[in-house]
Protein chains: 2
Amino acid sequence: MKKIVNDPATIVADALRGMAAAHPDLLRITEDPAVVARLDAPVAGKVAVVSGGGSGHEPLHGGFVGRGMLDAACPGAVFTSPTPDQVQAAVAQVSGGAGVLLVVKNYTGDVLNFETAAELAAADGIDVRTVVIDDDVAVQDSTWTAGRRGVGGTVLLEKIVGAAAEAGADLDTCERLARTVVANVRSMGMALTAPTVPHVGTPSFELADDEMEVGIGIHGEPGRRRVALENADGIVAGLLDPILADLPFGSGDRVLLFTNSMGGTPLLELYLAHGLAEAALASRGIEVTRRLVGPYITSLEMQGISLTLLRLDDELTALWDAPVHTAALRWGV
Amino acid sequence: MKKIVNDPATIVADALRGMAAAHPDLLRITEDPAVVARLDAPVAGKVAVVSGGGSGHEPLHGGFVGRGMLDAACPGAVFTSPTPDQVQAAVAQVSGGAGVLLVVKNYTGDVLNFETAAELAAADGIDVRTVVIDDDVAVQDSTWTAGRRGVGGTVLLEKIVGAAAEAGADLDTCERLARTVVANVRSMGMALTAPTVPHVGTPSFELADDEMEVGIGIHGEPGRRRVALENADGIVAGLLDPILADLPFGSGDRVLLFTNSMGGTPLLELYLAHGLAEAALASRGIEVTRRLVGPYITSLEMQGISLTLLRLDDELTALWDAPVHTAALRWGV
């Protein structure tokens with residue numbers, strides 16, 4: 001295994017120490033349990049937005065903690081759900097008295113542990129709501145999921161709901177916005193190579209030199225089909241067609257197009273794919289009015305991309321454009 | 001070769017089309033010759049800062065075009081210098097009448113072609129100055145370089161000089177600041193894996209599963225030594241010690257620490273390395289007052305990191321902190 005690591009057993013804690021060192025003006029990071037919180041939390045009278053999940057998808061979620069996005073993130077071990085007490089600790093740390101919204105990607109472990117945490121927090125007298133995101137159109141059930149998996153749409157949801165909370169929206173409004181995003185966002189991904197989980201030490205799956213996996217999950221879970229490697233046109237169409245068919249998106253829609261690197265795909269290829277996706281959408285009369293291009297929800301060093309499409313209205317657009325200051329997304333401030 | 005590409009011969013042009021689509025509010029991109037310019041260029045009365053080099057190091061340089069950084073970037077073919085007429089076209093496009101500063105990484109082809117372009121632009125009556133950056137302490141001469149290579153320090157130089165130009169500094173001042181950065185910045189990198197150049201189709205070099213290359217260049221050029229894979233402590237010390245010895249940096253210095261991913265290294269490992277570097281500097285009494293952590297000067301999908309240290313004073317710090325709005329770096333706006 002080729003990784004920059006001292007001990008696979010402490011890789012998350014060691015990385016969090018580096019993250020704290022890198023962002024002293026932004027983050028307050030505790031180690032046991034591991035919680036990444038915004039420096040000025042709790043913000044009195046503000047709805048707190050909390051998310052989390054297994055590590056290895058960075059910058060998700062810790063990179064999205066800060067003004068205008070998440071109040072806290074709970075990083076589990078690599079590809080492993082955070083524990084209920086960890087989520088409970090995060091909620092307690094950042095609750096500002098206006099309620100807490102938990103953003104949960106649809107994986108069985110995450111859903112269970114966040115549910116338990118929500119019950120514990122409710123017992124502490126905190127008004128907690130949970131929104132589960134399941135935007136991956138690739139498969140119905142998967143290795144770690146009943147129902148669809150939560151993937152790239154999570155980034156957009158956290159930005160939009162975070163902006164609303166920052167602007168003073170109440171918990172009902174934040175929950176409604178989160179459900180609006182869930183209803184209007186769809187994603188699909190593919191991989192050229194497999195990631196290697198540090199404490200496992202070998203690649204999560206084998207792909208031949210002339211193969212790719214279409215519909216892959218962010219933990220390297222199997223997708224829709226393993227097929228012969230296609231060119232960029234084929235790859236982009238293979239992701240975009242199922243997304244467009246699913247909602248369905250149609251001519252006249254305004255959308256945010258999020259072209260995501262799974263970690264190991266260089267920006268040169270990512271921009272290339274983004275350009276093809278924009279052209280394909282234009283040819284169908286779908287207007288891309290906002291974009292995000294980069295590695296924002298990854299699977300360690302896996303090479304591959306995902307595309308996410310969010311149908312926008314004026315409200316969602318304004319919340320997307322609102323100032324944000326996190327380690328991974330920053331504008332307007 | 002596993003890449004998201006249609007035709008290796010057109011990969012740069014195809015990627016630039018995607019970049020233009022992704023940043024319509026920021027960039028104006030022409031294809032022949034390939035120039036990435038800020039949308040509002042030329043800015044009358046402002047010194048224009050222009051850089052460029054081979055593609056495959058994204059976001060360098062196109063991702064640094066915008067307010068407060070570069071006025072234009074000239075992307076060559078992958079790992080290939082831009083042509084003199086390409087640089088001349090960029091200079092003509094963005095020259096605002098206050099002179100143009102060319103930022104050139106020290107590679108033989110780049111130095112020659114930018115020199116020729118400077119002569120052509122001078123013949124057009126434009127006051128052009130050239131600053132060559134050579135911050136890599138790993139080796140004296142290398143595959144494509146006489147003298148030291150220009151690497152991570154380039155990103156910091158472009159930010160600092162770009163901020164000065166944006167604030168109205170004249171060409172003499174911009175040139176002086178660039179030379180100050182060159183004098184005070186040092187870098188070194190290492191690789192776990194090799195990149196694959198698209199039009200070549202095979203990895204640039206072979207590394208055994210238990211080997212790493214220390215002192216590598218951003219084109220996969222050989223470094224100081226090929227050694228057995230070390231743990232993160234060993235890797236960080238192996239980069240930091242030669243950097244600290246070279247300038248030399250010492251107790252009481254204030255520095256910017258830039259922990260860079262060579263492309264394929266995940267953020268989890270990058271933050272881990274950053275934390276170790278911060279701790280090592282603290283133990284020597286060197287105060288890290290500014291940080292940059294991420295993939296900013298890459299070698300396609302190569303796994304590895306580089307560390308860059310810039311000695312700061314109040315002037316450089318204020319210019320680093322000044323607002324910037326580019327595809328890859330953005331704050332304050």
Side-chain angles (χ1 to χ4, degrees), chain A residues 2-7 11-12 14-23 55-56 58-59 63 78 192-193 195 198 209 212 229 231-233 235-236 259 263-279 288 291 293 295 298 300-301 303-305 325 327 330-333, chain B residues 2-7 11-12 14-23 55-56 58-59 63 78 192-193 195 198 209 212 229 231-233 235-236 259 263-279 288 291 293 295 298 300-301 303-305 325 327 330-333:
Chain A
K2 285 195 152 180
K3 291 195 181 287
I4 299 169
V5 61
N6 283 329
D7 177 356
I11 189 171
V12 172
D14 293 347
L16 288 176
R17 217 165 300 126
M19 194 182 194
H23 305 288
S55 291
E58 289 70 24
V78 172
L192 296 174
T193 63
D209 280 351
M212 62 179 187
L229 186 59
N231 69 5
D233 280 327
I235 289 170
V236 168
T259 305
T265 285
L267 214 42
L268 198 69
E269 294 170 45
L270 197 64
Y271 272 126
L272 189 153
H274 180 80
L276 297 178
E278 288 237 7
V288 179
R291 290 98 178 157
V293 183
T298 63
L300 296 166
E301 68 280 5
Q303 288 182 36
I305 61 169
H325 182 180
R330 184 170 179 183
W331 54 74
V333 64
Chain B
K2 285 195 152 180
K3 290 194 181 287
I4 299 169
V5 60
N6 283 329
D7 177 356
I11 188 171
V12 172
D14 293 348
L16 289 176
R17 217 165 300 126
M19 194 181 195
H23 305 288
S55 292
E58 289 72 23
V78 172
L192 296 175
T193 63
D209 280 350
M212 64 178 185
L229 186 61
N231 69 5
D233 281 326
I235 289 170
V236 167
T259 304
T265 286
L267 214 42
L268 197 68
E269 295 170 45
L270 197 65
Y271 272 124
L272 189 153
H274 180 79
L276 297 178
E278 288 236 9
V288 179
R291 292 98 177 157
V293 183
T298 64
L300 296 166
E301 68 279 6
Q303 288 182 34
I305 62 169
H325 182 181
R330 184 170 179 182
W331 54 75
V333 64

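Just so it is clear, the model here is predicted, and its values are computed rather than measured.
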Taking every non-hydrogen atom, the tightest pair across B:Pro59 and B:Pro295: CD-O, 3.2 Å
Segment of A:Ala327 engaging chain B (4.5 angstrom heavy-atom cut-off): side chain
Chain A interface, residue from B:Gly275, B:Pro266, B:Ala15, B:Gly263 that has the most non-hydrogen pairs under 4.5 Å: B:Ala15
A:Leu267 side, atom CG; B:Glu58 side, atom CD - distance, nearest 0.5 Å: 6.5 Å
Structural part of B:Leu229 lying under 4.5 Å from a heavy atom of chain A: side chain
Winner by heavy-atom pair count (cut-off under 4.5 Å) against chain A, out of B:Ala21, B:Pro195, B:Gly18: B:Ala21
Which of B:Arg291, B:His325, B:Gln303, B:Met212 touches chain A most, by non-hydrogen pairs under 4.5 Å: B:Arg291
Chain B contact via A:Val333 - which portion, at a heavy-atom distance below 4.5 Å: backbone
Inter-residue atom distance B:Ile4.CD1 - A:Asn231.CG, 0.5 Å rounding: 11.0 Å
Closest-packed option against chain A by number of heavy-atom pairs under 4.5 Å, given B:Ile235, B:Val5, B:Val293: B:Val5
side-chain hydrogen bond (donor to acceptor under 3.5 Å, both in side chains) partners of A:Asp233, counting only residues at least two apart: B:Asn6
OG1-CG distance between A:Thr193 and A:Asp209, expressed to the nearest 0.5 angstrom: 11.0 Å
Engaged part of A:Leu276 at the chain B interface, taking heavy atoms whose separation is under 4.5 Å: side chain
Part of A:Val288 within contact of chain B (heavy atom distance under 4.5 Å): neither
Heavy-atom pair count under 4.5 Å with chain A, highest-scoring of B:Asp7, B:Asp14, B:Leu192, B:Ile11: B:Leu192
Non-neighbouring partners of B:Glu269 that pass salt bridge (Lys or Arg N to Asp or Glu O under 4.0 Å), sequence neighbours left out: A:Lys3
Heavy-atom closest pair, residues A:Gly304 and A:Thr265: N-OG1, 2.8 Å
